[in-house]
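One structure is given below, encoded as C-alpha cells.
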Amino acid sequence: MVEGFADTDCSIDVKLKNAPTLHTDMVVMAIGVAPETTLAKEAGLELGIKSSIVVNDKMETSIPDIYAVGDAVQIKNFVTDTDTLISLAGPANKQGRVAADNICGSDSHYTGGQGSSVIKIFDMTAATTGINEKTAKSLGIATDKVILSPMSHAGYYPGGKMMTMKVLFEKESYRILGAQIVGFDGVDKRIDVLATAIRAEIKAYELTELDLAYAPPYSSAKDPVNMAGYIIENMKNGIVKQWYYEEDETLPRDGSITLLDTRTPMEYSMGHVKGFINIPVDELRERIGELDRSKPVYVICQSGLRSYIASRILMGNGFDAYNFAGGFRFYDAVRNDKALNKKSTLLNG
C-alpha cells in the first residue's frame, strides 16, 4: 500500500507499509482500467464485466435505439469468442463506424477484438496480439508455443537489433492464438503481420508461406515471422522436439538424462544452466561417443540455432533429443526477472 509520496532532490520517496523507504527516480502505477458507466446504469442498460455496457455485434444496447462503443462496452474476444473488455483506440474507432452505419440504416457488424497493442518503453518496444498462455490455460485450451530471438534485419547489414518473439498456437489444429514480441526495431511490423494472420485464420505452420518484403536494411530473407512458421512446421513434422523454461526445475539431475550445452567454452564459463555439460556443437560429431544413446538429451545454446543443429545431429545418430525454446539468452532473462520479482515480494512483505 502506498501511503504517500515526497519529492526530494529529483527522487521520489515511496513509503510502503511495513517496509523501508524506497528511493527511486520513477514510479509506474499499473492500476488497470474500469469503465465509468454510471449514466448507463441509471438509464437501465444491461451491464456486464466490471459494470461495462452489454452490446450486440451491431453495438446496440439492451434498450432500443441506444448504442454504445469504446472502452465502456463488453465485446467478444475474436480468438476465444468469450466476453471481454478491450480498452484500445483501434477497436473503439471500428465500433464507432459500426454503430454509425447501423444508425444510418446499414447492416454493419463488429466481429470482435483481439487486443493488438504496442508500447514504447524508453528505447524498447513491446507488442502483443491475441491471448497469452495464461489466458489459454485458464480457458482449458491445449497449447504449444515457439520462442525465438531473431534479428530485426539481415545480420550482415549494420544496425540490426535482437528481438524476442513468442507465438502461441493450439495443439492439433495449429490455430494461432496469440503472440508477444519485445525488442527494438521492427517489432510493430511483425506483430501486425501476426495479428493479420490471426484474423485471416492462417495456420501457424502456414506462416512459412507469407511473402513478406525483404531488403537487408529492413528484414532477412527469412523474416522472423517466417522463422516462427519454420520452427512450428518442424515440430509438426517431427523434425524437432522442444523443451521449455518451466520444465527446468523438474528435469532430473540424477544422470538419467543428458543435459547438454552446445555453446563455446567461453560462453559456457560466463553462465550456464545447473547440471549441463558443455560440448560445443562444432565438436559434437567427434565427441558423440561421450554421450549415452539410451538417455534422452536436453540441449541448449545461446539463441536456439546451435542447439537445433545439435538436436538434428543427435537424432540422426539415434538419440532422443529435445531443443530448448528460446536459448540461454531467454533462459537467463526469465531467471533474472523471476529473481527480481522474488526480491521485490520479500521487500514488500
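The shown structure was predicted, so the numbers you read here are calculated from the model rather than taken from an experiment. Note that the numbering runs from 1 along the sequence shown for the chain.
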Any side-chain donor near an acceptor of the partner, Tyr244 and Asp144, under 3.5 Å: yes

Does a side chain donor of either Arg190 or Ser219 reach within less than 3.5 Å of an acceptor in the other side chain? yes

Is the shortest side-chain heavy-atom distance between Val182 and Val187 below 4.5 Å? no

Intermediate values then yes/no, salt bridge (charged side-chain N to carboxylate O under 4.0 Å, His left out), Lys295 and Asp320: CA-CA 7 Å; Lys295 298 177 181 178; Asp320 184 20; over 6 Å; no

Does the side chain of Ile141 come within less than 4.5 Å of Thr135's, by heavy atoms? no

Would you call Lys145 and Glu246 a salt bridge, taking side-chain N to carboxylate O under 4.0 Å as the test? yes

Hey, is the main chain of Thr38 close enough, under 3.5 Å, to the side chain of Glu36 for a donor-acceptor pair? yes

Determine whether a donor-acceptor pair (N or O, by modelled atom type, separation under 3.5 Å) exists between the side chain of Asn336 and the backbone of Asp332. yes

In Å, rounded to the nearest 0.5 Å, how long is the span from CD1 of Ile176 to CD1 of Ile198? 6.0 Å

Do Met235 and Gln242 come within less than 4.5 Å of each other through their side chains, counting heavy atoms only? yes

The reported gap from CD in Gln180 to CD1 in Ile191 (rounded to nearest 0.5 angstrom) is 7.0 Å

Donor-acceptor pair, distance only, cut-off 3.5 Å: does the side chain of Asn237 make one with the backbone of Ile239? no

Are any of the side-chain heavy atoms of Asp123 and Phe184 separated by less than 4.5 Å? yes

Set of residues satisfying side-chain contact (heavy atoms from CB on, under 4.5 Å) with respect to Arg329, sequence neighbours excluded: Ser149, Met162, Gln302, Ser303

Hey, does Asn226 have a side-chain heavy atom less than 4.5 Å from the side chain of Thr208? no

Which Ile, Leu, Val, Met, Phe, Trp or Tyr residues join Phe324 in one cluster when any pair of side-chain heavy atoms under 4.5 Å counts as a link? Ile147, Trp243, Tyr245, Leu251, Ile257, Leu259, Val273, Phe276, Tyr298, Ile300, Tyr322, Phe328, Phe330, Tyr331, Val334

For the side chain to side chain contact (heavy atoms under 4.5 Å, CB included) test, which of Asp188, Leu207, Leu210 pairs with Val193? Leu210

Polar side-chain atom of Gln74 near backbone of Thr84 as donor-acceptor pair, under 3.5 Å: no

Go through it in stages, so that I can follow the logic: the residues are Lys236 and Glu233, the test is salt bridge (charged side-chain N to carboxylate O under 4.0 Å, His left out), and I'd like the CA-CA distance, side-chain angles, deciding distance and then a yes or no. CA-CA 5 Å; Lys236 175 177 177 289; Glu233 185 179 58; over 6 Å; no

Taking Ser311 for the side chain and Ser307 for the main chain, is one N or O donor matched with an acceptor at less than 3.5 Å? yes

Test: salt bridge (Lys or Arg N to Asp or Glu O under 4.0 Å). Region: residues 264-278. Which pairs qualify, not counting sequence neighbours? Glu267-Arg306

Would you say Glu206's side chain and Gly229's backbone share a donor-acceptor pair under 3.5 angstrom? no

Between the side chain of Thr262 and the main-chain N/O of Pro280, is any donor-acceptor distance below 3.5 Å? no

Under 3.5 Å, is there a donor-acceptor pair between the side chain of Ser106 and the main chain of Asn102? no

When rounded to the nearest 0.5 Å, the distance separating CD1 of Ile231 from CG of Leu305 is 9.5 Å

His153 side chain to Gly160 backbone, donor-acceptor under 3.5 Å: yes

Lys NZ or Arg CZ of Lys94 over Tyr110 ring: under 6.0 Å, within 45°: no

Student check: side-chain heavy atoms of Thr111 and Arg199 closer than 4.5 Å: yes

Check whether any side-chain heavy atom of Phe169 sits under 4.5 Å from a side-chain heavy atom of Arg175, and report yes or no. no

Check: Ala195 main-chain N/O paired with Gln114 side-chain donor or acceptor under 3.5 Å: yes

